[in-house]
Chemist: 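Sharing a structure with you now.
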Amino acid sequence: MTGRFAPSPTGRMHLGNIFTALLAWLSVRSQGGRMLLRIEDLDPQRSRAAYAEQLRRDLGWLGLDWDGEMPPQSTRSPVYAAHFAKLEEQGLIYPCYCSRSELHDASAPHASDGTVLYSGACRDLTPEQRAAKTRRPAWRVRVPDIAVSFRDGVCGPQTERLAETCGDFIVRRSDGVYAYQLAVVCDDALGSVTEVVRGSDLLSSTARQLWLYRELGLRAPQFYHLPLLLASDGRRLSKRDGDQSLEHLRARYSPEEIIGRLAFACGLQNRPTPATPQDLARTFDWAKVPKNDIVLPEGLF
Ligand code: GLU
């Protein structure tokens with residue numbers, strides 16, 4: 001089996017993505033699989049090479065090694081273009097000229113993750129109507145009104161009707177950058193990734209990705225969506241919580257202390273004692289990982 005860790009180099013690692021990297025690593029190592037690292041630097045505005053370098057150093061410091069590195073997404077446009085062309089050949093792609101404000105005015109925001117249900121305003125424009133537009137278009141895929149079902153390794157059975165939750169979604173942005181939804185499918189499938197472990201903020205993207213796997217004739221991996229880590233007062237941890245950044249954590253704790261405390265918080269060990277990833281791999285079992293958000297006990301970090 002092959003797993004991967006796919007961080008975006010937009011900042012220093014923090015407890016949330018240390019947790020994701022640890023669980024992805026534990027699952028792979030406990031099955032004797034292959035671990036890949038992929039830098040998801042699709043967004044040229046937010047990604048920095050220096051953060052990617054720091055990510056590699058931080059993972060090494062934590063003791064989370066990998067067997068190979070996939071090419072960073074910023075170098076993969078020709079691959080994404082080839083898959084975009086396949087969707088186009090199937091008549092699934094159309095240009096969308098809506099502005100951000102038109103999109104927001106036309107639909108009520110859906111769900112807590114801010115996903116917006118697309119109204120379909122540009123779905124059936126005639127060639128003349130398209131020619132009259134001046135804005136540079138984004139590119140959407142036409143989704144059918146079908147249910148996409150899968151079993152998540154942590155969250156259990158899931159079913160989503162794309163036409164009700166997001167509608168036709170963007171696979172290439174108006175600035176020419178291919179969207180995460182398409183890129184992640186191409187990268188995981190072509191990298192022969194069989195297992196994807198990531199935060200539950202991406203659970204709602206999974207049905208879109210599974211549908212793309214199907215349309216592109218690619219083999220989908222097994223998904224595991226991890227619960228969110230919450231501060232002791234129940235707030236969601238974010239990169240803004242400076243003291244959760246690895247820069248600050250490294251000044252206060254050893255790697256074994258960070259790993260051991262995280263493992264305690266998510267039920268992988270009974271006490272917050274220092275541990276290496278290897279120690280935890282010996283007894284790792286997905287059944288121990290909680291489905292619900294994890295509140296970090298006061299004073300644990
Ligand atoms: N690059 C995404 C992130 O850092 C993860 C995407 C994925 O694992 O599919 O949040």
Side-chain angles (χ1 to χ4, degrees), residues 1-28 35-49 51-56 58-59 62 64 66 69-76 79-80 83 112-115 150 152-155 158 166 169-171 173 177-213 216 218-229 236-241 244-246 289:
M1 59 81 58
T2 300
R4 50 66 153 185
F5 177 52
S8 302
T10 56
R12 192 74 190 258
M13 284 186 90
H14 54 93
L15 277 179
N17 49 28
I18 298 170
F19 178 52
T20 305
L22 173 64
L23 274 277
W25 188 96
L26 287 174
S27 185
V28 167
M35 182 67 180
L36 299 176
L37 175 66
R38 179 173 72 240
I39 300 295
E40 298 213 319
D41 56 353
L42 267 183
D43 189 335
Q45 256 102 54
R46 295 178 62 228
S47 303
R48 299 276 177 279
Y51 283 132
E53 260 318 300
Q54 188 64 54
L55 271 162
R56 295 185 189 95
D58 283 339
L59 288 168
L62 288 162
L64 301 172
W66 58 96
E69 185 163 343
M70 306 170 86
Q73 289 185 324
S74 58
T75 64
R76 304 263 292 163
V79 175
Y80 308 144
H83 289 83
S112 53
D113 67 358
T115 305
F150 64 101
D152 186 84
V154 179
C155 307
Q158 309 288 318
C166 63
F169 59 93
I170 292 180
V171 284
R173 304 186 336 194
V177 174
Y178 290 94
Y180 158 73
Q181 305 295 354
L182 178 63
V184 74
V185 167
C186 298
D187 288 341
D188 283 334
L190 302 180
S192 303
V193 168
T194 58
E195 185 179 287
V196 167
V197 177
R198 59 190 183 186
S200 61
D201 50 331
L202 291 166
L203 184 60
S204 62
S205 287
T206 307
R208 272 173 272 178
Q209 293 167 15
L210 284 170
W211 180 73
L212 285 176
Y213 276 102
L216 291 167
L218 299 170
R219 194 164 153 200
Q222 169 65 47
F223 289 95
Y224 292 82
H225 286 90
L226 300 176
L228 291 179
L229 296 183
R236 193 174 160 176
L237 291 182
S238 76
K239 284 189 186 172
R240 280 184 292 273
D241 289 303
Q244 311 296 352
S245 136
L246 198 48
V289 178

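One-based numbering, in listed order, for ligands and for the atoms of each. Predicted, not measured: the structure shown is a model, and the values here were computed from it. Atoms considered below: every heavy atom in the structure, side chains included; atoms not considered: hydrogens, waters and symmetry mates.
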Chemist: I'd like to know if Asp41 and Arg48 make a salt bridge, using a cut-off of under 4.0 Å between side-chain N and carboxylate O.
Modeler: no
Chemist: Please examine the side chains of Glu40 and Val184, heavy atoms only from C-beta on, and report whether any two atoms are closer than 4.5 Å.
Modeler: yes
Chemist: Could you go through ligand 1 and list every pair where one of its N or O atoms sits under 3.5 Å from a protein N or O, giving the atom names and the distance to one decimal?
Modeler:
residue: ligand 1; atom: 1 (N); partner: Ala6; partner atom: O; Å: 2.8
residue: ligand 1; atom: 1 (N); partner: Ser8; partner atom: OG; Å: 2.9
residue: ligand 1; atom: 1 (N); partner: Glu40; partner atom: OE1; Å: 2.6
residue: ligand 1; atom: 4 (O); partner: Ser8; partner atom: N; Å: 3.3
residue: ligand 1; atom: 4 (O); partner: Ser8; partner atom: OG; Å: 3.2
residue: ligand 1; atom: 8 (O); partner: Arg4; partner atom: NH1; Å: 2.6
residue: ligand 1; atom: 8 (O); partner: Arg4; partner atom: NH2; Å: 3.4
residue: ligand 1; atom: 9 (O); partner: Arg4; partner atom: NH2; Å: 2.9
residue: ligand 1; atom: 9 (O); partner: Tyr180; partner atom: OH; Å: 2.7
residue: ligand 1; atom: 9 (O); partner: Arg198; partner atom: NH1; Å: 2.9

Chemist: Does any donor atom in the side chain of Thr206 or Arg198 lie under 3.5 Å from an acceptor atom in the other side chain?
Modeler: yes
Chemist: Decide whether Tyr80 and Asp187 meet the rule of one side-chain donor and one side-chain acceptor closer than 3.5 Å.
Modeler: yes
Chemist: Do Glu195 and Thr2 have side-chain N/O donor and acceptor atoms under 3.5 Å apart?
Modeler: no
Chemist: Tell me, yes or no, whether the heavy-atom count around Tyr51 atom OH, taken from other residues, nucleotides or ligands under 6.0 Å, exceeds 12.
Modeler: no
